[in-house]
Amino acid sequence: MDYLVSTYYFDYESDEIQQLIAELKTDSLSKKEKTIRLYLKVRDSWRYDPYKSEFFKGEF
């Protein structure tokens, strides 16, 4: 089984993820700086509402 194949839930080939990779693909930043920037980008840019998830179509 190939664990690094792009799948529906692990889609690193999507345009959004490739754009994110391109932003952090530089040698002028350390691994720590890249990690911090990635964390802040995800935390501050991607909206997430655990009470209104599109994954669940039925009522609970």
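Side chains are part of it too, since the values below use all heavy atoms of this structure and drop only hydrogens, waters and symmetry mates. Fair warning: this is a prediction, and the values are worked out from it, not measured in the lab.
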| message | Tell me if a side-chain donor or acceptor on Tyr12 pairs with a main-chain N or O of Thr7 at a distance below 3.5 Å. | response | no
| query | Name the one of Gln19, Glu23, Gln18 that satisfies side-chain contact (heavy atoms from CB on, under 4.5 Å) with Ile21? | reply | Gln18
| message | When you measure from the side chain of Glu13 to the backbone of Ser6, do you find a donor-acceptor pair of N or O atoms at a distance under 3.5 Å? | response | no
| note | On a heavy-atom basis, the closest approach of Phe10 and Tyr3 is CE2-O, 4.4 Å
| Taking the side chain from Lys34 and the backbone from Thr26, do they hold a donor-acceptor pair closer than 3.5 Å? | yes
| What is the distance from atom CG of Asp15 to atom CG of Leu20, rounded to the nearest 0.5 Å? | 12.5 Å
| note | Between the CD1 atom in Ile36 and the CG atom in Leu38, the distance rounded to the nearest 0.5 Å is 11.0 Å
| said: Tell me whether Asp27 at atom CG has more than 12 heavy atoms from other residues, nucleotides or ligands lying less than 6.0 Å away. | reply: no
| message | For the CG atom of Leu29 and the CZ atom of Arg37, what is their distance to the nearest 0.5 Å? | response | 4.5 Å
